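All remarks here apply to the structure that follows.
Each ligand, and each atom within it, is numbered from 1 in the order the structure gives. Everything quoted here is computed from the prediction, not taken from an experiment. Numbers for residues simply follow the sequence, beginning at 1.
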Amino acid sequence: MTKAKIKCPTCEKEHVYDSTNPFRPFCSERCKMIDLGAWANEEYTIPESKAVSDFSSGVLEDNSESGTIPPTMH
Ligand SMILES: [Zn+2]
């Protein structure tokens, strides 16, 4: 029986390629999840799309503190 050694794409640790390993080509579930999370983070890059509405410059100084809900007192 020949056991091929491959490198884990995540931690780059050499491990035996096991056909029964559900996480291959990763060495472990953790490394698989890390890899999945890595590309997920790239996908989730939130673009700064805050609409700066300065067409009505009158409301820029408006502190609506009076409209906030007062802290609950017991
Ligand atoms: Zn690994």
Practice task
Show all protein N/O/S atoms under 2.8 Å from the Zn ion (ligand 1), or state that there are none.
Solution key: C8 SG, C11 SG, C27 SG, C31 SG
Handout entry: Residue pair I6 / H15, side-chain heavy-atom distance below 4.5 Å
Key = yes
Problem - Residue pairs, two or more places apart or on separate chains, that pass side-chain hydrogen bond (donor to acceptor under 3.5 Å, both in side chains) and touch residues 21-33 - result: Y17-R24
Problem - Gap between atom CD of E12 and atom CD of E14 - 0.5 Å precision - result: 10.5 Å
Exercise for the section: For residues F26 and C8, report the shortest heavy-atom separation together with the two atoms involved. Expected result: CA-SG, 3.9 Å
